Amino acid sequence: MTEAPLGLLAELTHRCPLHCPYCSNPLELAGRSAEMTTDQWRDALSQAHELGVVQMHFSGGEPLARRDLPELVAHARGLGAYVNLVTSGVGLTGDRARALADCGVDHVQLSLQDADPARADRIAGARVHTAKRRAAQAVLAAGLPLTVNVVLHRANIEHTGEIIELATALGADRIELANTQYYGWALRNRGALLPTPRQLAVAQQAVEQARTRYTGRGPELVYVVADHYADRPKPCMHGWGSRQLTVTPTGDVLPCPAAGVITTLPVENVLRRPLARIWYDSRAFNAFRGTGWMADPCRTCPQRHTDFGGCRCQAFQLTGDATATDPVCTLSPHRRLVDALLTEDAAPDDTSQPAFVMRTQTAS
Ligand code: SF4
Ligand code: FES
């Protein structure tokens, strides 16, 4: 039986002052005029609540770009939801952080690009590092818990130790270091982002040293390994259509933030169909629920209830078949595709840093 979702990722806007090349937003970004209105978002949040959602993550793009953010936060809080703000921190002044806390934000997730300001600004494609440091202070002054999250890739992964030190000094309660997931702009930049095995070893060692140093004190440290280098895939989304749904700036409803890449799936929209019907009845959400859709080797594999066959988006992007075993799995007949990427894009002794294609948006 299909259970109700726990979480909603509300991508309020694709607008963002940063241009990060590792962004998982789609290459075709929605402009301001295509975004749902305040009333439409309020209705979508109410529908999510009625469906059973208890955690609402306001994200983007940069959610602070929406002037109605306080109103939407207050609406979510009024529904009894736990409200998480996922932000670059640009524009998060002390006043704004206090106002958002008063409206009902429960937690802030702040992104950093690197520890060194010049390197960080180069990755962001904008001079924002100093503003982010101030934003961290504003979050703490507003009495909110702070998670610092950093997407790791070839240009910053060797500075993992410095990044942990900076996030700790900024007062983070939790540090999330996640290797890049290759969707959207990150897929476009995969050749410039894939770390080398030596770099991964450096990062792993820095994480272990920090864990030893901060045992029993300091922030919680979460490190998400680079799945291209793993033998088994990540349990993506804890299973398709099982816990969370994403609503995009235009109202499209997706089983995962990247699901738009699976061009064989029909995309539903909350402006045209009730959210509950989309969650329970739509073809898109039912396509890979459970294990019945699996082919060999997943179909009979004891791991299938643990990793759910891996990531459907990655399977589609690499094989053209969304029902295929995630090629990261060494039991997949397509694992050679991942090995070829590692050989071509991240040769063991390749220390070069190819140019990024920065995330850009055509105004509308
Ligand atoms: Fe997971 Fe499928 Fe690989 Fe088994 S064969 S480990 S279920 S991806
Ligand atoms: Fe879509 Fe993994 S990112 S299923």
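In this text the structure is predicted, and so the values were computed from the model without any measurement. Read the numbers this way: they start at 1 and go in the same order the structure lists the ligands and their atoms. Values below: every heavy atom of this structure, side chains too, minus hydrogens, waters and symmetry copies.
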- request: Taking the side chain as every heavy atom from C-beta outward, state whether Arg154 and Pro354 have any pair of such atoms under 4.5 Å apart.
  value: yes
Metal environment of atom 2 (Fe) of ligand 1, protein N/O/S under 2.8 Å: Cys298 SG
query: Is a salt bridge present between Arg190 and Glu344, judged by a nitrogen-to-oxygen distance below 4.0 Å?
result: no
message: On the six-membered ring of Trp293, is Arg304 placed so that its NZ or CZ lies under 6.0 angstrom from the centre and within 45° of the ring axis?
response: no
- prompt: Please state the angle at atom 1 (Fe) of ligand 2 spanned by SG of Cys313 and SG of Cys256: what is it, rounded to 10 degrees?
  reply: 100°
query: Is the shortest side-chain N to carboxylate O distance from Glu268 to Arg283 below 4.0 Å?
result: no
Note, Val150 side chain near Glu176 side chain (heavy atom, < 4.5 Å): no
- prompt: In terms of atom number and element, which parts of ligand 2 are under 4.0 angstrom from non-hydrogen atoms of Tyr183?
  reply: 2 (Fe), 3 (S)
Proximal ligand 2 atoms for Cys236, defined as those under 4.0 Å from one of its heavy atoms: 2 (Fe), 3 (S), 4 (S)
task: Mind checking whether Cys311 contacts ligand 2 via backbone (N, CA, C, O), side chain (CB onward), both or neither, at a 4.0 Å heavy-atom cut-off?
output: both
field: Passing candidate, ring-ring contact (aromatic ring centres under 6.0 Å, His included) with His153, options Tyr182, Trp185, Tyr22
entry: Tyr22
field: Heavy atoms from other residues, nucleotides or ligands near CZ of Arg127 exceed 12 (cutoff 6.0 Å)
entry: no
message: With a 6.0 Å cut-off (strictly less than), is the heavy-atom count around CZ of Arg232, excluding the residue itself, greater than 12?
response: yes
field: atom 4 (S) of ligand 2: the protein heavy-atom neighbour that sits closest, reported with distance to 0.1 Å
entry: Arg312 N, 3.5 Å
